Chemist: 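There's a structure below that I have some questions on.
Being a predicted model, the structure only gives us computed values, none of them experimental.
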Amino acid sequence: MEFAGEDYFRFMAYERAADAVHNAPPLADLALAGELTSLPGIGKSIAEKIQSILETGTCGYLEELRAQYPPRLMEVLTVPGIGIKTARMLFEQFEIGSLADLEAALEDGTLAGAPRLGKKSIENLRRGILASKGRSRRWPLGVARPIAEALIEYLRANVRADNLIAAGSLRRAEPTVGDIDVICTSGEPDAVIKAFASFSRAQAVLAEGSTKGSIWLETGLQIDLRVLPAHLFGNLLQHFTGSREHNIQLREMAVRKNLRVSENGILNLETGDNITCTTEEEVYSALGLAFIPPELRLGLGEIDAARNGTLPRSIELADLRGEFHMHSRYSDGANTLEEMVEACAVRGYAYHAISDHSQYPTRGGDVGLTPEAARRQRDHVRGLGNRFGIRTLCASEVDVRPDGSLVFDERTLAEFDLVIASVHTGTNASRDEMTRRMIAACENPYVSIIGHPTGRYVDETSDFAGYEFDYDAVFAAAARTGTALEIDGHPARLDLPSALARRAKGFGVTFTCDSDAHSIPALGNVSYAVGQARRAWLEPADVLNTRSLEAVLAFVAQKRASAALPANKH
DNA sequence: GCCGTTTTCGGCCCGACTGTTTTCAGTCG
């Protein structure tokens, strides 16, 4: 649209709509429910185009544009320093329609004399092409966060700085991030930047100014550090946390009140007063809003909620009294049963469940426990008694067969305190088959939790979006049957995805936040689950493992009691 | 193309940085 010279605000509308789609639950569900225009930035026209794309794979307008321009033209825009104006000029005057065309033109000097492209710009483009080749990837949260934490620890030990914090997508707990933004306040910014540039894992220093530095790690991951004056910390943290769409909406709202919001303060356009804030709370308060947790800042209704006082009381890690999903050496875990129990006690949990796998076949052979082995494990757990000062529930992560039945029979299931049902195999079944399978699992009276419900994976190479099923139908079944849906904190899973979890909450579903730990350190992954739960607007009351042990057991017992009832009773 | 606690028409976030065009356009986040 930009190449075609389309009106700026028109293609901006598409860009904002694309952003909303990226953060929304699957569009097929919304389209079916006639809810596409409920997404912010999607009106009648774009909804019609989405409908067409869902039905036919494309839409008329897109095909019109595709016919006008070579398919690889967009590559040129990925080069840092080339925006739409330059790309258009290169296409129209030099017939550059791909990255390869651009590289060739830079080689043979045909770009000499091009408007606004001097010697320095040409050189920057050469470097930019090299940079762009290693940079298009995104990084899983589970990879980026430990790196940010290591950097912050290093700076804390070596410089005089306060308010060291990772902002940006990391702070919003996005499942993947494009880079790491760290900010801090200090009276000695030069020394801070210098120490930053000397970070042992830095492979290249891209910028080393007086208030901002950029480094590349050997993997190509970029880290930016900004050092700021303390009296502006609130404004800056708010600005650098984003998201872009959240900031746009916030500033649009502020403009209607004659206020101009930026990282430099909140300027009252009538009086000329500039309000600077040392905390984010002050920023939101100055705009008449309640504090919005970073994980909610996606431009998906949080600003209205902050104005109306209808924001959730977001769940926090400290709300968890235990968790349900972890493995020991009995199946594929790295630590012994005792080690896992003790580690959970050390974390301060009142209770936890050991949920080793049931037996199921994999390409590498069977994994998991037979019913007999599960019974031996149960006796082992019972024998621990209160040795570690924590209540250990005997649980199992039981595999769901393609027909929706579980690999353990009812008698075996009844012997566990708690059962998690998970799909690990046969994931290429049709949408209808998978929907029936998931609903059958929910309807099993012994299943209290559905583990990693969509099967999606998060990493830099795989875009496996999980197995397809009718999410709304399964959410309704989970709510109706009293089955909790897990938010799995394994950084490669983060499943349920937050957009789906937020939708499921609308059906009245109960959730769990679990680590899915296969080792002691991985118990910490439960914090990723909490981050996704916050992005889904979940409150403590929505999450089973914020409740007392008695309440958890009652949740399990209530559903099991339905096993004694005839079908169709409720 | 979207949207509205003044508005269904007439607006649309904000600033830093860079290179080059001696006053600013283009890019980026």
Side-chain angles (χ1 to χ4, degrees), chain A residues 1-2 4 6-21 36-50 59 61 76-90 113-125 127-128 131-132 135 167-170 172 177-181 183 206-207 209-212 214 222-224 226 228 232 235-236 238-267 269 274 283 287-289 297 299 301 303-304 306-309:
Chain A
M1 290 177 69
E2 290 187 81
E6 197 53 86
D7 176 73
Y8 172 81
F9 293 107
R10 193 152 172 249
F11 68 71
M12 274 300 290
Y14 277 82
E15 203 163 286
R16 294 178 69 172
D19 201 57
V21 165
L36 282 176
T37 53
S38 71
L39 292 177
I42 295 188
K44 190 162 170 287
S45 175
I46 291 182
E48 279 171 8
K49 292 183 176 76
I50 290 173
C59 69
Y61 185 40
V76 178
L77 283 169
T78 66
V79 177
I82 294 190
I84 189 64
K85 297 279 169 62
T86 308
R88 241 177 109 178
M89 180 276 292
L90 291 172
R116 302 195 56 84
L117 284 184
K119 259 201 178 111
K120 211 158 186 179
S121 295
I122 297 281
E123 193 44 47
N124 284 342
L125 288 189
R127 279 213 303 271
S132 70
R135 251 190 37 168
S169 47
L170 206 60
R172 301 196 308 272
V177 305
D179 63 7
I180 295 177
D181 286 304
I183 68 179
L206 301 174
S210 56
T211 64
K212 182 190 159 174
S214 291
Q222 182 172 334
I223 308 181
D224 295 337
R226 292 157 210 267
L228 318 154
L232 279 173
N235 305 95
L236 289 153
Q238 196 286 319
H239 173 79
F240 287 120
T241 297
S243 67
R244 188 180 90 121
E245 182 59 26
H246 173 84
N247 282 352
I248 289 176
Q249 290 184 14
L250 193 74
R251 290 162 181 186
E252 283 177 343
M253 185 216 72
V255 163
R256 291 194 286 273
K257 298 182 174 188
N258 253 332
L259 300 170
R260 179 188 288 165
V261 176
S262 80
E263 64 268 42
N264 297 322
I266 301 174
L267 181 64
L269 294 171
N274 190 42
V283 175
L287 298 171
L289 302 176
R297 298 181 198 168
I303 291 172
D304 280 346
R307 188 166 40 212
N308 303 334

Chemist: Please report, rounded to the nearest Å, how far the C1' atom of dC3(B) is from the CD1 atom of I303(A).
Modeler: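 So the two atoms are 14 Å apart, to the nearest Å.
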Chemist: Under 4.0 Å, counting only non-hydrogen atoms across every strand here, what does Y14(A) touch: a base, just sugar-phosphate, or nothing?
Modeler: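 Since only primed, P, OP1 and OP2 atoms lie under 4.0 Å of Y14(A), the category is sugar-phosphate.
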Chemist: Taking atom P in both dT20(B) and dG26(B), compute the distance separating them and give it to the nearest angstrom.
Modeler: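 Between the two P atoms, the distance is 14 Å.
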Chemist: K257(A) side chain N/O closer than 4.0 Å to the phosphate oxygens (OP1, OP2) of dT5(B)?
Modeler: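 No.
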Chemist: Pick the nucleotide of DNA chain B nearest each of T37(A) and I84(A); which residue has the one closer to the 5' end?
Modeler: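 Comparing both residues, the 5'-ward one is T37(A).
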Chemist: For atom C1', what is the distance between dC28(B) and dC13(B), given to the nearest Å?
Modeler: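 The same atom, C1', in both gives a distance of 14 Å.
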Chemist: Looking only at the side chain of R251(A) (C-beta and beyond, no hydrogens), which of the listed nucleotides dT20(B), dC13(B), dT27(B) gets closest?
Modeler: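 Shortest atom-to-atom distance from the side chain points to dC13(B).
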Chemist: With heavy atoms under 4.0 Å as the rule, sort K44(A) into base, sugar-phosphate or nothing.
Modeler: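 Since only primed, P, OP1 and OP2 atoms lie under 4.0 Å of K44(A), the category is sugar-phosphate.
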Chemist: Nearest whole angstrom, please: distance from the C1' of dG1(B) to the CD1 of I50(A).
Modeler: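 So the CD1-C1' distance, I50(A) to dG1(B), works out to 12 Å.
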Chemist: Name the closest nucleotide to the N308(A) side chain, picking from dG1(B), dG29(B), dT5(B).
Modeler: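 It is dT5(B).
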Chemist: Just by distance, do the side chain of D181(A) and the backbone of L170(A) share a donor-acceptor pair under 3.5 Å?
Modeler: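 It does not hold such a pair.
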Chemist: For a quick test of reading the model: is some side-chain N or O of S45(A) closer than 4.0 Å to OP1 or OP2 of dG1(B)?
Modeler: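 Looking at the OP1 and OP2 atoms of dG1(B), one of them is under 4.0 Å from a side-chain N or O of S45(A).
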Chemist: Tell me what R260(A) touches on the nucleic acid: a base, only sugar-phosphate, or nothing, going by heavy atoms under 4.0 Å.
Modeler: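 Touches sugar-phosphate only.
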Chemist: I'd like the C1' distance from dT18(B) over to dT23(B), given in whole Å.
Modeler: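 My reading of the C1' atoms in dT23(B) and dT18(B) gives 15 Å.
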Chemist: Which residues pass the side chain to side chain donor-acceptor pair (under 3.5 Å) test with R10(A), not counting sequence neighbours?
Modeler: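 R10(A) satisfies side chain to side chain donor-acceptor pair (under 3.5 Å) with E6(A) once adjacent residues are dropped.
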Chemist: How far, in whole Å, is dG1(B) from dT5(B) if one measures between their C1' atoms?
Modeler: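 Here dT5(B) and dG1(B) have their C1' atoms 23 Å from each other.
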Chemist: Can you tell me how far P of dC13(B) sits from OH of Y8(A), to the nearest Å?
Modeler: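 Taking atom P of dC13(B) as the reference, OH of Y8(A) is at 7 Å.
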Chemist: Would you kindly give the CG-to-C1' distance between D304(A) and dT5(B), to the nearest whole Å?
Modeler: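 After rounding, the reported distance stands at 11 Å.
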Chemist: Name the closest nucleotide to the T86(A) side chain, picking from dG26(B), dC12(B), dT5(B).
Modeler: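 Closest nucleotide to the T86(A) side chain: dG26(B).
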Chemist: So which nucleotide from dC28(B), dC13(B), dT7(B) ends up closest to the side chain of I248(A)?
Modeler: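 Nearest to the side-chain atoms of I248(A), counting from C-beta on, is dC13(B).
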Chemist: 5'-most contact on DNA chain B: T211(A) or F11(A), nearest heavy atom basis?
Modeler: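 Counting from the 5' end, the first nearest nucleotide belongs to F11(A).
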Chemist: By the 4.0 Å heavy-atom rule, please label I46(A) as base, sugar-phosphate, or nothing.
Modeler: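 Answer is sugar-phosphate: I46(A) comes under 4.0 Å of backbone atoms only.
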Chemist: Looking at every strand, decide which applies to D181(A) at a 4.0 Å heavy-atom threshold: base, sugar-phosphate, or nothing.
Modeler: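 D181(A): no heavy atom of the nucleic acid under 4.0 Å.
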Chemist: What integer distance in Å separates E263(A):CD from dC28(B):C1'?
Modeler: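 Taking CD of E263(A) and C1' of dC28(B), I get 12 Å after rounding.
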Chemist: Counting only side-chain nitrogens and oxygens, does N264(A) get under 4.0 Å of the OP1 or OP2 atom of dA16(B)?
Modeler: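 Yes, N264(A) has a side-chain N/O under 4.0 Å of OP1/OP2 on dA16(B).
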Chemist: Side-chain contact, heavy-atom cut-off 4.5 Å: I223(A) with D179(A)?
Modeler: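 No - every pair of side-chain heavy atoms lies 4.5 Å or more apart.
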Chemist: Let's see if you can work this out: which of dG19(B), dC13(B), dC2(B) has an atom nearest to the side-chain heavy atoms of A13(A)?
Modeler: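 It is dC2(B).
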Chemist: Is there a side-chain contact between R16(A) and Q249(A), using heavy atoms and a 4.5 Å cut-off?
Modeler: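 Yes, their side chains come closer than 4.5 Å.
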Chemist: Measuring to OP1 and OP2 of dT20(B), would you say a side-chain N or O of S121(A) lies under 4.0 angstrom away?
Modeler: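 Yes, within the criterion.
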Chemist: Could you measure between the two P atoms, the one in dC17(B) and the one in dC12(B), and give it in whole Å?
Modeler: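 Those two atoms are separated by 25 Å.
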Chemist: Which nucleotide wins on minimum distance to the side chain of S262(A), given the candidates dC28(B), dG15(B), dC13(B)?
Modeler: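 Closest nucleotide among those given: dG15(B).
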Chemist: Round to a whole Å and report the spacing from CZ of R256(A) to P of dG10(B).
Modeler: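 So the two atoms are 17 Å apart, to the nearest Å.
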Chemist: Would you kindly say whether D224(A) and Q222(A) are connected by a side-chain donor-acceptor distance under 3.5 Å?
Modeler: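 Yes.
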Chemist: Once you round it to whole Å, what is the distance between C1' of dG1(B) and CD of E252(A)?
Modeler: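 After rounding, the reported distance stands at 13 Å.
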Chemist: Which part of the nucleic acid, if any, lies within reach of P40(A) when heavy atoms closer than 4.0 Å are counted: base, sugar-phosphate only, or nothing?
Modeler: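 Sugar-phosphate, no base atom in range.
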Chemist: Once you apply the 3.5 Å cut-off to both distances, tell me the Watson-Crick or G-U wobble partner of dT27(B), or none.
Modeler: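 Its partner is dA16(B).
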Chemist: Between the side chains of N247(A) and R244(A), does any donor sit under 3.5 Å from an acceptor?
Modeler: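 No - no donor-acceptor pair under 3.5 Å links their side chains.
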Chemist: Please give the distance between the P atoms of dT8(B) and dT27(B) as a whole number of Å.
Modeler: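 Those two atoms are separated by 36 Å.
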Chemist: I need the CG-P distance between L287(A) and dT5(B), as an integer number of Å.
Modeler: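 From L287(A) CG to dT5(B) P: 16 Å.
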Chemist: Where the side chain of S243(A) meets the backbone of R297(A), is there a donor-acceptor pair that is under 3.5 Å apart?
Modeler: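 Looks like yes, one N/O pair under 3.5 Å.
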